[in-house]
Amino acid sequence: MMESGVPVCHTCGEHVGLNGNGEPFVACHDCNFPICKTCFDYELKEGRKACLRCGNPYDENLLDDAVKASGDRSTIAAHMDKSQDAGIHARHISSVSTLDSEMTEDNGNPIWKNRVESWKEKKNKKKKTSIKVEIEAQVPPEQLMEDKPAADAFQPLSTVIPIPKSRLAPYRTVIIMRLIILGLFFHYRVTNPVDSAFALWLTSVICEIWFAFSWVLDQFPKWYPINRDTYIDRLSARYEREGEPSELAAVDFFVSTVDPLKEPPLITANTVLSILALDYPVDKVSCYVSDDGAAMLSFESLVETADFARKWVPFCKKFSIEPRAPEFYFSQKIDYLKDKVQSSFVKERRAMKRDYEEFKIRINALVAKAQKTPEEGWTMQDGTPWPGNNTRDHPGMIQVFLGYSGARDIDGNELPRLVYVSREKRPGYQHHKKAGAENALVRVSAVLTNAPFILNLDCDHYVNNSKAVREAMCFLMDPEVGRDVCYVQFPQRFDGIDRSDRYANRNTVFFDVNMKGLDGIQGPVYVGTGCVFNRQALYGYGPPSMPSLSKSSSSSCSWCGCCSCCCPGKKAPKDPSELYRDAKREELDAAIFNLREIDNYDDYERSMLISQRSFEKTFGLSSVFIESTIMENGGVAESANPSTLIKEAIHVISCGYEEKTEWGKEIGWIYGSVTEDILTGFKMHCRGWRSIYCMPLRPAFKGSAPINLSDRLHQVLRWALGSVEIFLSRHCPLWYGFGGGRLKWLQRMAYINTIVYPFTSLPLIAYCTLPAICLLTGKFIIPTLSNLASVLFLGLFLSIIVTAVLELRWSGVSIEDLWRNEQFWVIGGVSAHLFAVFQGFLKMLAGIDTNFTVTAKAAEDAEFGELYIVKWTTLLIPPTTLLIINMVGVVAGFSDALNKGYEAWGPLFGKVFFSFWVILHLYPFLKGLMGRQNRTPTIVVLWSVLLASVFSLVWVRINPFINTVDSTTVAQTCTSIDC
């Protein structure tokens with residue numbers, strides 16, 4: 001269809017048609033956004049008279065023609081029916097022609113050619129028969145009019161809402177102005193050295209250049225921010241017709257946990273319950289819980305959870321409550337009777353709350369029992385030893401608790417499937433932590449249910465919006481938008497954070513500013529949880545609309561990623577191993593792509609056409625799993641024997657299954673970093689996929705975040721360490737993925753920013769030390785300012801402020817969130833990021849893994865009591881040192897100015913300003929370090945120390961209790977003394 005040259009409507013996927021002059025219909029002449037006449041008329045009917053892409057108003061002539069044509073609705077309906085039939089017919093012809101052109105190329109694989117040609121001949125009779133049956137079984141026109149879907153079924157399931165130009169144009173203008181001012185500023189800085197403090201001046205210039213580079217990497221990926229809106233009602237109209245089975249796609253949920261003593265089973269249970277109670281067809285939902293610690297506590301708590309779900313799920317769906325995690329639903333401080341009209345609600349809610357409290361007691365009893373492990377190990381109820389007593393040496397375990405043929409709820413209705421999975425672990429094997437556990441779930445779910453989409457959640461992230469999956473399906477099931485979408489990422493939202501968000505736990509600037517900017521390029525990065533994947537993207541395939549890499553790709557320009565025409569005479573040779581990997585991926589992509597284009601296939605016969613050997617080298621030795629990988633729409637193959645599926649699922653989670661395969665290298669979650677999420681999303685974007693950012697009004701998922709200072713720093717340390725590992729690996733965005741040219745430049749810039757930001761800690765800690773050194777030595781990093789220099793400094797500060805204000809304007813982020821983000825950027829930069837750089841180099845280059853211990857010193861039993869816990873860790877040393885030397889520097893600066901008189905106060909102002917800049921940014925750290933301090937505000941303590949020191953120096957300088965001595969008398973006295 002893409003090769004025919006006929007534009008395709010971006011809304012409905014059909015041809016746009018021709019206008020009165022015989023030319024393709026064009027609604028917007030500014031951006032040539034492809035939309036057919038039918039969809040264009042519907043947009044006008046809904047009152048939308050501006051282009052969906054660029055926002056410019058439509059041509060007035062088109063609007064007049066549309067108004068004239070709006071009188072004859074029956075004609076429009078007939079045209080819609082014809083266009084649909086023509087579109088389907090065109091797709092069939094285009095599919096066959098594309099297949100023929102693919103298979104008749106000289107460089108095609110003869111084995112594939114022979115297999116597909118013989119298969120096509122065998123299918124010709126079936127195809128002709130099916131066409132004949134379709135003609136004979138045509139529905140009468142009257143019945144066709146009755147069964148015709150609602151108009152909403154033909155409308156787009158989502159729309160892009162561009163940021164208004166009135167907000168975006170000034171923002172971009174200020175960014176360019178700031179870039180120009182930076183150039184002039186660095187010209188002044190470099191051409192005006194400070195000879196008396198050359199080392200300090202050189203250090204400051206190097207730091208400022210790095211900060212400017214970091215700002216460019218962070219700023220320009222936000223050049224095209226967009227918003228999106230979804231239409232869940234249209235999704236239902238299209239795929240959930242009354243009286244027919246739901247056609248919504250199935251979804252496999254992954255919940256991962258390791259240690260139930262650190263990740264409370266009650267929290268995991270709430271996550272599972274919120275999944276089972278989703279507003280989604282029960283036969284389309286399967287929940288897989290990965291217990292990577294093989295803990296009997298996790299297994300027993302899941303047994304209790306499955307039993308309680310039989311009561312909780314029907315209660316949620318009957319009264320449409322939100323959220324559907326019981327712990328958070330019952331703890332809400334709201335009027336729970338709002339919008340409730342059923343008289344039985346209060347009675348049933350009280351009974352359900354009592355049942356949940358009893359459920360909590362049973363879970364707490366299990367936790368208390370698990371605190372001390374018996375010497376002989378744990379024993380199950382039937383008396384047999386628990387297989388996971390040795391967490392490092394145990395077999396794979398799978399238990400299906402709920403399902404389509406399993407236990408039903410108390411009303412007799414079916415429940416979603418709930419599966420417990422603990423993969424096999426043996427000494428001497430690499431298990432790859434969370435990434436390995438997620439890949440095991442991918443294989444198990446493919447064997448048992450094989451849903452086309454996968455949603456992964458951390459065990460502490462529950463479903464806060466029961467329609468969250470429907471929000472994602474508005475993108476993934478849209479025939480035009482969803483074809484090239486590898487995943488839909490939701491923002492992370494958190495409960496239990498202090499009101500002021502002292503340590504920027506919400507990450508509001510990242511989720512509401514940076515991610516919106518990336519959504520306008522190639523899509524947001526994958527952040528590890530709250531993400532709905534296209535299963536085919538996880539298998540390493542490229543997007544359907546993206547052509548496979550040509551064999552001449554080895555001569556592509558290593559800088560621009562395009563063909564050699566942009567760099568005439570220069571051909572960059574590729575690494576042989578990379579050529580081999582590209583060739584293997586092309587072979588698999590070509591096989592799947594060609595077979596997708598064949599009409600009226602059945603999945604079993606198509607799977608027989610695939611080279612079994614090449615798939616085994618890629619996916620492993622499981623014929624059932626290999627067959628599932630080419631079932632694009634999911635579902636278990638008809639050839640699979642249900643009685644052997646569990647046995648096959650145990651096989652695919654064995655510890656040696658991934659050996660000599662592409663798991664963790666090219667398919668699934670990618671290994672090689674503790675932040676496997678960034679790496680996995682990066683590989684998908686390099687293949688040409690795009691991702692989508694979905695921000696529903698009601699947050700889709702909510703989780704918990706560490707509000708304690710030390711815990712927060714260790715969380716940031718882990719993220720920064722993963723970035724350093726990627727920087728030192730072959731997947732570094734600085735040099736990986738240039739061959740195909742599928743990763744957009746601004747997207748690459750964003751990924752580069754995610755791996756180099758920890759290195760900002762080195763210039764940052766040096767820059768935060770400079771003010772104190774200047775105050776203690778009396779020197780400064782800037783020479784005496786001229787008028788031009790003053791204008792440059794003023795312009796730079798104003799551009800920084802205006803950029804921030806305009807960014808707040810289009811993103812909706814508050815100024816407090818922006819300030820907290822800036823503060824923690826400094827706090828994390830001089831502590832966790834610094835340690836991550838050194839730890840990353842030790843781990844990747846020397847193989848030394850360093851751990852930092854956290855020790856709790858004090859705690860208080862109060863609201864947000866954890867916020868005031870003081871836990872000593874090595875990460876606290878650098879920022880504490882910076883605070884002390886800057887406060888000492890301020891005191892020493894004032895002392896020196898008092899001794900030297902008026903002429904010293906001018907230079908003192910600049911030095912003290914920079915020193916206070918450091919102290920203000922580190923203030924939340926100081927507040928956390930001092931704890932509650934008997935509820936005396938930390939700011940009072942800080943200012944008291946500073947002011948007391950300054951006034952003491954002034955007091956000493958004035959000497960009020962010492963009589964003033966005449967200088968002449970002193971001189972005469974000194975003359976008589978032989979010094």
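- Of the options Val509, Val813, Asp501, Thr508, a side chain to side chain contact (heavy atoms under 4.5 Å, CB included) to Asn821 is made by Val509 and by none of the others.
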Inset, instruction - Let me see the working for Trp819 and His921 under side chain to side chain contact (heavy atoms under 4.5 Å, CB included), right down to the final yes or no. - result: CA-CA 9 Å; Trp819 174 238; His921 277 78; 3.8 Å; yes
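- No salt bridge links Arg167 with Glu807; every basic N to acidic carboxylate O contact stays at or beyond 4.0 Å.
- Using cut-offs of 30° and 60° on the angle between ring planes, the pair Trp669 and Phe254 is tilted.
- For the atom pair Glu322 CD and Asp279 CG, the distance stands at 8.0 Å (nearest 0.5 Å).
- Note: Phe299 and Phe401 meet the aromatic proximity criterion, with ring centroids under 6.0 Å apart.
- Using a cut-off of 4.0 Å between Lys/Arg side-chain N and Asp/Glu carboxylate O, Lys434 and Asp458 are scored as salt-bridged.
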Inset, instruction - Kindly determine whether Ile454 and Val532 satisfy side chain to side chain contact (heavy atoms under 4.5 Å, CB included), including the steps that lead there. - result: CA-CA 5 Å; Ile454 294 171; Val532 186; over 6 Å; no
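- If you look at Trp825 and Tyr757, their ring centroids are not closer than 6.0 Å.
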Inset, instruction - Determine, step by step, whether Glu676 and Lys433 satisfy the salt bridge (charged side-chain N to carboxylate O under 4.0 Å, His left out) criterion, reporting the C-alpha distance in whole Å, the side-chain angles of both residues, the deciding distance to 0.1 Å, and the verdict. - result: CA-CA 10 Å; Glu676 70 287 329; Lys433 299 181 180 179; over 6 Å; no
Inset, instruction - Show your reasoning for whether ring-ring contact (aromatic ring centres under 6.0 Å, His included) applies to Phe925 and Phe824. - result: CA-CA 8 Å; Phe925 172 83; Phe824 199 78; 9.7 Å; no
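- Distance alone, capped at 3.5 Å, places no donor-acceptor pair between the Glu263 side chain and the Thr268 backbone.
- Taking each heavy atom of Ser691 and Asp519 in turn, the nearest pair found is O-OD1, 3.9 Å.
- Between Phe308 and Trp312, the angle of the ring planes stays under 30°, which puts this pair in the parallel group of the 30/60° scheme.
- Side-chain rings of Tyr462 and Phe701 stay apart, their centers remaining 6.0 Å or farther from each other.
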Legend entry - side chain to side chain contact (heavy atoms under 4.5 Å, CB included) assessment of Leu876 paired with Leu709: CA-CA 9 Å; Leu876 302 180; Leu709 174 60; 4.1 Å; yes
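- One finds no salt bridge joining Arg228 and Asp478 here, because no Lys/Arg side-chain nitrogen approaches an Asp/Glu carboxylate oxygen to under 4.0 Å.
- Atom NZ of Lys311 sits in a sparse spot, with 12 or fewer heavy atoms from other residues, nucleotides or ligands closer than 6.0 Å.
- Aromatic ring centroids of Tyr288 and Tyr420 lie 6.0 Å or more apart.
- Classification of Arg310 and Asp409 as a salt-bridged pair fails, no side-chain N sitting under 4.0 Å from a carboxylate O.
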Inset, instruction - For Asp218 and Asn514, run side chain to side chain contact (heavy atoms under 4.5 Å, CB included): C-alpha distance rounded to whole Å, both residues' side-chain angles, the deciding distance at 0.1 Å, then the answer. - result: CA-CA 8 Å; Asp218 179 69; Asn514 296 68; 3.0 Å; yes
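- Residues Trp719 and His833 keep their aromatic ring centres 6.0 Å or farther apart.
- Between atom CD of residue Glu327 and atom OG of residue Ser274 there is a gap of 12.5 Å, rounded to the nearest 0.5 Å.
- Side-chain N or O atoms of Ser320 include none that pairs as donor or acceptor with a backbone N or O of Cys316 at under 3.5 Å.
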